Protein chains: 2
Amino acid sequence: MTKTESTKSRILDAAEQLFAERGFAETSLRTITTRARVNLASVNYHFGSKKSLIQAVFDRFLQDFTKELSLELMTLEQLEPVQLEAEKLLNALIKPLLSLNSRRDNAISIFMRLLGRAYAETQGHLRRYVTDKYGHVLVRFTHLFQKGYPSLTIDQIFWRLHYMLGSMIFTLGGSEALRQISQADFNRDLGVEDVIKEMVPFLAAGMKA
Amino acid sequence: MTKTESTKSRILDAAEQLFAERGFAETSLRTITTRARVNLASVNYHFGSKKSLIQAVFDRFLQDFTKELSLELMTLEQLEPVQLEAEKLLNALIKPLLSLNSRRDNAISIFMRLLGRAYAETQGHLRRYVTDKYGHVLVRFTHLFQKGYPSLTIDQIFWRLHYMLGSMIFTLGGSEALRQISQADFNRDLGVEDVIKEMVPFLAAGMKA
DNA sequence: GTATGTTTCAAACAGTTGTTTGGAATTGAT
DNA sequence: ATCAATTCCAAACAACTGTTTGAAACATAC
């Protein structure tokens, strides 16, 4: 059993990294199994198919993330409307993100990049899978914002949340490359945590606009 | 010559649509040539390779877009610092976008989706190609913001521009799918133009924060 | 030690990919 | 009408894809 687990998780480790780097279609099972130092057939043996492997990669991430996020939302849901400031709501999203990074190096970037790629899969199984399984936290989030900012219409909140998601996925998912540009043009280097901190006032101001 | 042009542009039309829908790797030349009703070999004859075809698709879009954008930037660059409000700067970006849509249906979504996919290509030729060829407008944009908001540091401006780009690419590129969700959950339907209008105050507030 | 179930592995499978080829069809100029 | 250049096209190419197979290696229990 221990040998199996190491094979499965070695595959997951290699897969999530490669998927984030190159994309799903651009990553072959042979590339994954070579990097994971396991036999090619073991992916189909342990996961069934490449599609299922992709979902398994997401599952591992989303389990950790949504568990923490759900906890944050629960405490927020017991607050009075006046206490629900945008900054506080944003932190409920950011705290679980940051704790991802404490478990594994670079986890935020990988996770955001995977999300971005899943989102880009327009025709795909993945998009449905992610939204079906984890769309309810978005709904809870929407309700919280509605409660804190009752002057905004529900569509305004809906769309602003998506502007926000776009900012986060885009900048955090590509942060290495962006940091390279930033470093080249402005001779400064920011870590992912710094970028997130910079992001909060920007997003909060937008949500309150 | 006229036959050739029609073949070339038929390929470009089919390719840009399919690339935006499914992605570059997920779209085969056979799918493209079938939809374009041309022979398979004509892609390699007219464009050389699939990579070059992808670049050609971008070129056609970016030529129209950057020409208009550059014009907008020029008029802004002759204004006084106090006149450079965030809303005005945003409109300089949005106007060329909207005029894309007047030429071809759905052009904004397609363009944004292509940009998103190019951006996701981390290892790739495309990323370099786009940033190399059109990165200077980003620099001009940064300078304008710096002039209008001198209290912000250069890194703050740099990152906020990227938050902004993320919002735009994410929401406009996926707007059909998002609109579906919006329609299902809130029974409202917004066109791309409406989403953009909704976006301006959000982004402007963030930039000024 | 034998038997049972699980996991690994090399090899092969059928299908798809981008690209190349050499000849046919078409074009435009003289 | 003749010639040269351009464009088209069916067919084939080698390389790569995800998946399956059946036997070998391993582990676990009696």
Side-chain angles (χ1 to χ4, degrees), chain A residues 1-60 114 117-118 120-121 123-126 129, chain B residues 1-60 114 117-118 120-121 123-126 129:
Chain A
M1 206 55 145
T2 86
K3 188 88 169 285
T4 295
E5 279 312 313
S6 105
T7 298
K8 272 183 94 165
S9 58
R10 268 224 302 282
I11 293 175
L12 285 173
D13 289 341
E16 85 174 20
Q17 197 166 327
L18 288 166
F19 285 153
E21 273 176 28
R22 320 182 179 187
F24 305 115
E26 294 88 345
T27 306
S28 73
L29 292 184
R30 281 168 180 83
T31 313
I32 295 173
T33 53
T34 300
R35 169 164 317 189
R37 279 173 294 123
V38 300
N39 186 272
L40 166 63
S42 53
V43 169
N44 290 279
Y45 175 77
H46 284 288
F47 297 95
S49 66
K50 187 182 180 181
K51 273 189 185 180
S52 310
L53 170 62
I54 296 175
Q55 292 193 353
V57 167
F58 269 90
D59 261 337
R60 198 169 59 156
L114 288 176
R117 295 198 185 278
E121 286 251 339
Q123 60 148 353
H125 61 115
L126 240 188
Y129 175 78
Chain B
M1 205 58 146
T2 87
K3 188 90 170 284
T4 293
E5 279 311 312
S6 106
T7 298
K8 272 183 94 165
S9 59
R10 269 224 302 282
I11 293 175
L12 285 173
D13 288 342
E16 85 174 18
Q17 196 166 328
L18 288 166
F19 285 153
E21 273 176 29
R22 320 182 181 185
F24 304 115
E26 293 87 346
T27 306
S28 73
L29 293 184
R30 282 167 179 83
T31 312
I32 295 173
T33 53
T34 299
R35 170 165 314 188
R37 280 173 295 123
V38 300
N39 186 271
L40 166 63
S42 53
V43 169
N44 289 280
Y45 176 75
H46 284 288
F47 298 95
S49 67
K50 187 182 180 181
K51 272 189 186 180
S52 310
L53 171 62
I54 296 175
Q55 292 192 353
V57 167
F58 268 91
D59 261 338
R60 199 169 58 158
L114 288 176
R117 295 197 186 278
E121 287 251 338
Q123 60 147 354
H125 61 115
L126 241 188
Y129 175 77

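Proteins get letters first, then strands, A, B, ... in listed order; numbering begins at 1 in each. What you see is a predicted model, and the numbers here were worked out from it, not measured in a lab.
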Problem set entry | Whole-Å gap separating P (C:dG22) and CG (B:Leu40) | 17 Å
Exercise. Using a heavy-atom distance cut-off of less than 4.0 Å, which residues of residues 27-38 of chain B contact DNA chain D?
Worked result: B:Arg30
Problem set entry | B:Ser42 side chain near D:dC9 phosphate (N/O to OP1/OP2, under 4.0 Å) | no
Problem set entry | Short side-chain to backbone donor-acceptor contact, A:Arg37 and A:Arg10, under 3.5 Å | no
For this session: Provide, to the nearest angstrom, the distance between the CD1 atom belonging to B:Ile11 and the P atom belonging to C:dG18.
Result: 13 Å
Problem set entry | Euclidean distance, atom CG of residue A:Asn44 to atom C1' of D:dT21 [Å, nearest integer] | 12 Å
Exercise. Listed by chain and number, what are the side chain to side chain contact (heavy atoms under 4.5 Å, CB included) partners of A:Ala41, not counting sequence neighbours?
Worked result: A:Asn39
For this session: Would you mind reading off the distance between A:His46 atom NE2 and D:dG18 atom P, rounded to a whole angstrom?
Result: 18 Å
Seminar exercise, completed: In short, salt bridge (Lys or Arg N to Asp or Glu O under 4.0 Å) pairs touching residues 49-59 of chain B with sequence neighbours left out are B:Asp59-B:Lys133
For this session: Output the single nucleotide from C:dA10, D:dT19, D:dC9 whose closest atom is nearest the side chain of A:Ala41.
Result: C:dA10
Exercise. Are the side chain of B:Arg117 and the backbone N or O of B:Ala20 linked by a donor-acceptor pair below 3.5 Å?
Worked result: yes
Problem set entry | Interatomic distance where OH belongs to A:Tyr45 and P belongs to C:dG5 [whole Å] | 13 Å
Exercise. Rounded to the Å, how far apart are A:Leu53 CG and D:dT17 C1'?
Worked result: 15 Å
Seminar exercise, completed: Residues pairing under ring pair (Phe, Tyr, Trp, His ring centres under 6.0 Å) where one sits in residues 19-43 of chain A, two or more places apart or in two chains, turn out to be A:Phe19-A:Phe24
Exercise. Within this structure, what is the CD-to-C1' distance between A:Glu26 and D:dT17, rounded to whole angstrom?
Worked result: 13 Å
Exercise. Taking CZ from A:Phe47 and P from C:dT7, how many angstroms apart are they, rounded to a whole number?
Worked result: 12 Å
Problem set entry | A:Asn39 side chain, from C-beta outward: closest of C:dT8, D:dT7, D:dT20 | C:dT8
Problem set entry | Pairing residues for A:Thr34 by the side chain to side chain donor-acceptor pair (under 3.5 Å) criterion, not counting sequence neighbours | none
Exercise. Can you name the residues that form a salt bridge (charged side-chain N to carboxylate O under 4.0 Å, His left out) with A:Arg60, not counting sequence neighbours?
Worked result: A:Asp13, A:Glu16
